[in-house]
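Numbers restart at 1 for each chain; the letters A, B, ... are given by sequence-line order, proteins then strands.
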Amino acid sequence: MVIKELYEDAKNIKDKDPACSNIFYAILLYPGFHILIFHRIAHFLYNHKLKFLARFISQFGRLCTGIEIHPGAQIGRRLFIDHGAGIVIGETAKIGDDCTIYHSVTLGGTGKDKVKRHPTLANNVMVGCGAKILGPIHIGNNVKIGAMSVVLKDVEDNVTVVGIPSKVVKK
Amino acid sequence: MVIKELYEDAKNIKDKDPACSNIFYAILLYPGFHILIFHRIAHFLYNHKLKFLARFISQFGRLCTGIEIHPGAQIGRRLFIDHGAGIVIGETAKIGDDCTIYHSVTLGGTGKDKVKRHPTLANNVMVGCGAKILGPIHIGNNVKIGAMSVVLKDVEDNVTVVGIPSKVVKK
Amino acid sequence: MVIKELYEDAKNIKDKDPACSNIFYAILLYPGFHILIFHRIAHFLYNHKLKFLARFISQFGRLCTGIEIHPGAQIGRRLFIDHGAGIVIGETAKIGDDCTIYHSVTLGGTGKDKVKRHPTLANNVMVGCGAKILGPIHIGNNVKIGAMSVVLKDVEDNVTVVGIPSKVVKK
């Protein structure tokens with residue numbers, strides 16, 4: 001099951017990245033794929049109350065890939081993390097299927113919330129490099145978030161947002 | 001003395017981060033704590049004219065944590081560096097007590113200054129993720145700097161600034 | 001030839017960085033120098049159709065330095081990469097001579113182009129920290145790009161641009 005999901009993740013990278021000529025490139029060379037291996041293990045341990053070990057694996061994954069995903073984060077299928085350096089994904093973040101996240105993106109908190117502190121991305125969301133999505137907000141299906149945007153409020157389905165703070169530029 | 005300060009640093013992380021359940025998490029899992037160990041050693045060597053060794057330790061710390069603090073930087077007590085990847089703190093930067101700095105923050109120079117080239121943060125300053133503070137400017141007590149801001153001028157006490165370039169939004 | 005170029009690269013760092021007291025600092029302590037060694041090897045292999053090995057060396061360089069340069073990128077002489085963490089330079093990017101690039105800069109794509117997907121920088125371009133230059137655009141000679149700018153269109157010679165999206169502020 002996990003192997004099938006990871007195969008799907010790797011195939012997805014090959015399909016989406018013009019610089020990735022075959023699936024072995026994705027498996028061997030993409031930190032955005034390696035961190036998914038670390039995360040699936042860490043998330044399993046986290047759900048089985050082995051929280052310290054889960055965090056340890058997550059931090060070791062950060063050392064190897066430059067990508068930090070808290071073991072508690074819930075990640076859907078076929079997530080494509082491109083380049084990935086500097087990404088931070090918080091404990092209560094949730095990512096749907098078929099999303100694409102570029103390097104230096106944050107799915108973080110604002111410090112004001114207690115239980116759900118981090119954002120939820122629905123399906124097929126694209127987050128451009130450097131964008132910061134902060135707080136327990138909801139980003140709709142098929143949303144595109146421009147590079148370097150700061151998103152602090154819910155975003156409806158099928159729109160493109162850009163800016164600091166972000167505004168809708170295309171429906 | 002140094003041990004006491006480091007203990008205080010670790011305890012401070014536990015107190016401030018809702019994802020950090022106890023002090024051993026802070027000591028073992030937080031790159032933002034590890035870099036303070038590297039920095040205290042590097043800063044000591046720097047002050048004793050062992051500048052090459054100091055830089056070497058600082059760069060080794062960068063390799064381990066993704067956080068780059070020049071050995072010359074003066075850092076106060078209970079600095080909380082959260083996540084930390086991509087942080088750059090320059091040689092003549094100065095940070096007061098009880099500050100919080102998120103990942104991808106720069107305390108850098110503009111290339112126009114010769115002696116004091118980097119900013120000074122007073123006490124209890126919060127710098128949001130991705131913010132860049134550039135030049136030998138002074139950031140007042142209890143200031144909050146929004147995520148992704150670019151700060152190029154002095155900021156008075158007790159205000160919140162955001163934007164590129166940053167403007168005061170709350171007193 | 002390569003040795004001469006690398007010597008020139010190191011000397012250039014010493015000349016430009018006030019925190020770099022001599023050429024051995026540049027050679028031993030600057031990730032922005034180390035990645036040029038990795039890149040020259042990777043680029044040579046890439047041009048000789050050893051693309052997998054080229055990518056492997058590039059990714060190993062990323063692990064050591066935090067800087068990701070695709071082996072296909074064409075880089076001129078005396079490039080000064082300062083700090084460097086989080087830099088991403090795409091496969092079809094081209095950089096002229098005497099450029100300076102700070103940490104967290106992206107020379108990336110927009111997903112809309114097929115062959116030439118990444119930007120070209122002419123000579124003596126300075127790109128401030130966090131700036132993202134996206135698409136197969138041309139940045140003229142002696143251009144300065146402000147920290148955190150997002151550049152999506154061609155920029156003529158001898159100007160300074162800042163902002164998201166970037167605008168000319170000085171001729």
Report task. Before giving the answer on side-chain contact (heavy atoms from CB on, under 4.5 Å), spell out for A:F52 and B:L28 the whole-Å C-alpha distance, their side-chain angles and the decisive distance to 0.1 Å. Result -> CA-CA 10 Å; A:F52 181 83; B:L28 294 167; 3.7 Å; yes

Requested in this report: Hey, could you give me the CG/CG distance between B:L63 and A:L63, rounded to the nearest 0.5 Å?
Outcome: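 So the gap between those two atoms works out to 7.5 Å.
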
Requested in this report: Go through the atoms of B:Y30 and report whether side chain, backbone, both or neither lie under 4.5 Å from a heavy atom of chain A.
Outcome: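 Looking at B:Y30, just its side chain touches chain A.
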
Query raised in the report: Of the backbone (N, CA, C, O) and the side chain (C-beta and beyond), which part of B:H83 lies under 4.5 Å from a heavy atom of chain A, both, or neither?
Result: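 Answer is both: backbone and side chain atoms of B:H83 are under 4.5 Å from chain A.
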
Query raised in the report: Which residues satisfy the side-chain hydrogen bond (donor to acceptor under 3.5 Å, both in side chains) test with A:E91, sequence neighbours excluded?
Result: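 So A:E91 forms a side-chain hydrogen bond (donor to acceptor under 3.5 Å, both in side chains) with A:Y46, A:R117.
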
Residue pair [X] / [Y]: nearest heavy atoms and the distance that separates them:
X      : Y      : value
A:R55  : B:A19  : NH1-O, 2.9 Å
B:A85  : A:G86  : CB-CA, 4.3 Å
A:L134 : B:C129 : CD2-SG, 4.5 Å
A:R62  : B:G84  : NH2-C, 4.0 Å

Requested in this report: Look at A:M148, A:H70, A:K114 and state which one has the largest set of heavy-atom pairs under 4.5 Å with chain B.
Outcome: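 So the answer, after comparing A:M148, A:H70, A:K114, is A:M148.
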
